[in-house]
Each structure stands twice: as C-alpha cells, then as structure tokens.
Amino acid sequence: MEFLHRRITGWFAETARDLPWRDPGCGAWGVLVSEIMLQQTPVVRVLPVWEEWLKRWPTPAGLAAEPAGEAVRNWGRLGYPRRALRLHAAATAIVENHNGRVPDTYTELLALPGVGSYTAAAVAAFAYGRRETVVDTNIRRVHARLVAGAALPAPALTAAEMRLAASLLPDDDAASVRWNAAVMELGALVCTARAPKCADCPVKDSCAWRAAGEPPPSYVPKGQAWHGTDRQVRGAVMAVLRLADAPVPAEMFLQPPADLGFAPEGIGVPLAALHRLNSAPEQLERAMSGLLTDGLAEIHDGGYRLPA
DNA sequence: GATCCGTGGGG
DNA sequence: TCCCCAAGGAT
C-alpha cells in the first residue's frame with residue numbers, strides 16, 4: 001500500500017493542475033463553492049464562473065445578503081441550477097448557524113443544503129486538512145480498476161467501496177488529504193471513463209484490471225434521456241429567465257413571439273430556442289410549474305421571473 | 001433503490 | 001452526427 005501511496009502522490013506532485021481552489025490561501029468558502037459547482041460539471045466550465053462568484057461574493061454573508069435569484073442568474077450555464085439555490089441556502093445557514101464561517105466538521109457540513117456525503121468529506125479534507133474518506137466518481141473508478149479489477153465501479157456507491165476507500169486512506173492527516181486529491185486527479189486525467197491513458201499511469205504495473213486483460217464492463221450504463229424531456233424544456237425556460245430584467249408573461253412561453261405581435265426585449269434568442277423545441281403545451285406547463293415548485297422561478301406581476 | 005435534475009465538449 | 005458523461009444530491 002505504501003507503494004501505491006508513493007507512486008500516486010508522487011505523480012500528483014508533478015502533474016497536478018494548478019486550480020485556484022487548490023491554492024492554500026483559497027479558504028473554505030472558495031472550496032465549498034468549487035465543490036458544489038463541480039458536481040456533475042467539468043472543471044473547465046467551472047473555472048470562469050467560480051472566479052466571478054468569488055470576486056462578487058468573497059464570503060458566505062455576501063451571497064446570503066442577496067436574493068436567491070441573483071445566485072441563479074450568476075450560475076450562468078453551468079447546469080443543474082438548483083445547485084445555485086442550494087448554495088445560496090447554504091450561505092444563509094452558514095451565516096445564521098455558524099457565524100458566517102464555513103463549518104469544519106463532516107457532520108455540520110453534511111447538514112448544509114446541497115452538501116451530501118461526497119461534498120462534506122471533500123470540504124473537510126481539502127479546506128480543513130481533515131482525514132476523511134472522500135469518494136467521488138473518479139476515486140470509485142480508480143479503485144474499481146486498480147484494486148477490484150473491474151472496468152467500472154458499480155452503478156451506485158456500495159458499502160464495500162466505502163470500506164475499501166477507508167482501508168486505503170493513509171493514517172496521517174496531511175498524507176490522507178494528498179492521497180484523496182491525488183487519486184481523484186488520477187481518475188480525472190489518466191484513469192478516465194473512456195479511453196484511459198494507461199501508458200501515463202504511475203501504477204499501471206499494479207492494476208488489477210490490466211492484469212486481468214482489461215475485461216469489459218459487466219453492465220451497460222444507461223444514458224440520460226434529453227431530447228423531448230422536461231429537463232430540456234426547463235433548461236430553455238431558465239435561459240430566458242436569466243436574461244430577463246422584468247417578469248416574462250406566461251403567454252410568451254406558450255405562444256411564439258411572432259403570434260403575439262411584438263419582439264421581446266433582450267430575450268428573443270433564448271425564447272426562439274425554447275419555441276424551436278415545439279413542446280406540447282402540457283409539457284411546457286408541467287416544466288414551468290416544476291420550476292415554481294423548485295423555487296427556481298416565481299410569479300410576479302403576472303409574469304415569471306427568477307426568485308427575488 | 002430508482003429517478004429526476006442542465007449543459008456542452010470531445011470521441 | 002450522435003452519444004457519452006462530468007469533483008452528486010434530494011426525494
């Protein structure tokens with residue numbers, strides 16, 4: 001095990017990307033924001049948005065002082081905008097329950113909106129140097145191949161995986177933090193889901209999957225449907241709301257602007273994209289009502305807008 | 001445990 | 001072109 005630790009953390013020391021949230025001076029708030037943004041979203045798309053967020057809201061109190069809709073608007077096109085809502089709620093909880101300071105224990109972090117087992121462990125480890133069993137999709141995949149000899153981890157996180165990850169974690173605090181970051185980075189850059197770059201792998205000679213002849217996955221991951229789904233419609237509606245500076249009347253969503261006899265100010269492009277989907281009226285209604293339910297939109301002066 | 005929830009770059 | 005999938009979380 002010492003061998004794996006040395007090899008992988010050594011590789012990390014040489015190869016690691018220079019990401020701003022890895023800067024020692026970044027602070028726990030910056031780490032928390034990065035972790036929420038990075039949920040299901042690639043690093044390259046997070047970088048510019050993260051920079052703007054931290055410039056605008058350097059502290060949880062700064063974000064908490066603004067309407068939730070501002071968080072959603074500045075989330076831009078990162079996707080899964082509920083994360084923006086939860087991050088705003090987390091900032092509020094941090095101000096109210098933790099004197100404005102991001103909590104430093106796994107349990108307290110886990111209680112924050114939008115923070116699950118992965119994010120709680122990651123913030124405790126990367127922001128506060130704690131020894132935590134961090135398990136994300138990258139770490140799961142590296143463990144699956146390196147130790148279990150499988151092409152992919154199980155469809156859902158299992159207790160066995162958690163035990164394995166815990167057993168591999170170095171005893172020393174600082175070493176455990178480096179290990180977590182290094183394995184995650186290895187999964188992100190080398191031991192990738194598609195076309196892993198085994199030639200660049202620091203532990204290829206110890207890899208159970210390679211030793212087994214790289215057997216194919218034992219199951220086929222089911223892809224996420226997109227075209228024609230409510231998610232697609234919701235996304236198109238949100239694109240309109242982000243650009244709107246006044247409530248958008250419901251009929252603008254339900255009828256092509258040309259039929260309304262006027263060109264909408266500023267929101268013409270996303271509105272045209274929405275109507276290009278040609279969704280059934282029931283689906284549009286369902287999507288928009290879902291946005292209200294989720295708190296991503298509200299009705300004001302007879303129109304839809306981001307929550308104020 | 002299965003589903004739902006956005007977006008866009010790369011293979 | 002199409003399809004895969006990326007530092008998950010909540011229900």
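Side chains included, hydrogens not; waters and symmetry mates left out as well; all remaining heavy atoms used. Below, read A as the first sequence line, B as the second, and so on, with proteins coming before strands; counting in each chain starts at 1.
Both R86(A) and E35(A) sit near DNA chain C, but only E35(A) has its closest nucleotide nearer the 5' end. Heavy-atom nearest nucleotides on DNA chain C were determined for V43(A) and for V115(A), and the one closer to the 5' end corresponds to V43(A). Across the interface with DNA chain B, nearest-nucleotide mapping of T229(A) and R194(A) shows T229(A) to be the residue nearer the 5′ end. Along DNA chain B, the nucleotide nearest A156(A) and the nucleotide nearest Y80(A) are compared for position; the residue whose nucleotide lies closer to the 5' end is A156(A).
Residue-level contact check: R140(A) touches neither bases nor backbone, having no heavy atom under 4.0 Å from any strand. No engagement by Q232(A) is indicated, since no non-hydrogen atom pair under 4.0 Å with the nucleic acid exists. Across all strands, L19(A) comes closer than 4.0 Å to base atoms (heavy-atom distances). L78(A) comes within contact range of at least one nucleobase, with a heavy-atom separation under 4.0 Å. At a threshold of 4.0 angstrom between heavy atoms, the contacts of A193(A) are confined to the sugar-phosphate backbone, with no base atom among them. G114(A) comes within 4.0 angstrom of the backbone, heavy atoms only, and of no base. No engagement by W75(A) is indicated, since no non-hydrogen atom pair under 4.0 Å with the nucleic acid exists. Residue contacts shown for G116(A) are limited to sugar-phosphate atoms, with no base heavy atom under 4.0 Å away.
One interatomic measurement links the two molecules: CH2 of W226(A) to P of dT3(B), which rounds to 19 Å at whole-angstrom precision. Taking atom CZ of R231(A) as the reference point, atom C1' of dC5(B) lies 5 Å away to the nearest angstrom. As a whole-Å value, the separation of L157(A) CG from dG8(C) P is 12 Å. The distance between atom CZ of R45(A) and atom C1' of dG8(B), rounded to the nearest whole Å, is 5 Å. Whole-Å rounding puts the W50(A) CH2 to dA7(C) C1' distance at 15 Å. Spacing between atom CG of L85(A) and atom P of dG6(B) amounts to 11 Å, rounded to whole angstrom units. As a whole-Å value, the separation of L110(A) CG from dA10(C) P is 8 Å. One can place CZ of R83(A) at 13 Å from P of dA10(C), the figure rounded to the nearest angstrom.
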Chi angles and distances behind the side-chain hydrogen bond (donor to acceptor under 3.5 Å, both in side chains) call for Q39(A), Y118(A): CA-CA 10 Å; Q39(A) 291 167 3; Y118(A) 161 74; over 6 Å; no
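Among the nucleotides dG6(B), dG8(B), dA7(C), the one closest to the side chain of R77(A) is dG8(B). Here dG8(C) is the nucleotide among dC5(C), dG8(C), dA7(C) with the atom lying nearest to any side-chain atom of Q40(A).
Taking the charged nitrogens against the carboxylate oxygens, E185(A) and R178(A) have no contact shorter than 4.0 Å, which rules out a salt bridge. Salt-bridge check for E52(A) with K55(A): failed, with every basic side-chain N at 4.0 Å or more from each acidic carboxylate O.
For R234(A), a side-chain nitrogen or oxygen approaches OP1 or OP2 of dG6(B) to under 4.0 Å. Checking the phosphate oxygens (OP1, OP2) of dT7(B), a side-chain nitrogen or oxygen of R242(A) falls inside 4.0 Å. Taking only side-chain nitrogens and oxygens, Q39(A) never comes nearer than 4.0 Å to OP1 or OP2 of dA7(C). Side-chain nitrogen and oxygen atoms of T119(A) include at least one within less than 4.0 Å of the OP1 or OP2 phosphate oxygen of dG9(C). Checking the phosphate oxygens (OP1, OP2) of dA2(B), no side-chain nitrogen or oxygen of K222(A) falls inside 4.0 Å. Side-chain nitrogen and oxygen atoms of T137(A) include at least one within less than 4.0 Å of the OP1 or OP2 phosphate oxygen of dA6(C).
Counting all heavy atoms, side chain and backbone alike, L109(A) lies closest to V115(A) at O-CG1, 3.1 Å. The minimum heavy-atom distance linking T192(A) with R145(A) is given by the pair O-NH1, 2.8 Å. Listed here is the closest heavy atom pair of I267(A) and V240(A): CG2-O, 3.7 Å. The shortest heavy-atom contact between S206(A) and F3(A) is OG-CE2, 3.3 Å.
Comparing the P positions of dC4(B) and dA7(C) gives an interatomic distance of 23 Å, to the nearest angstrom. Atom P of dG6(B) sits at a distance of 14 Å from the matching atom of dT11(C), rounded to the whole Å.
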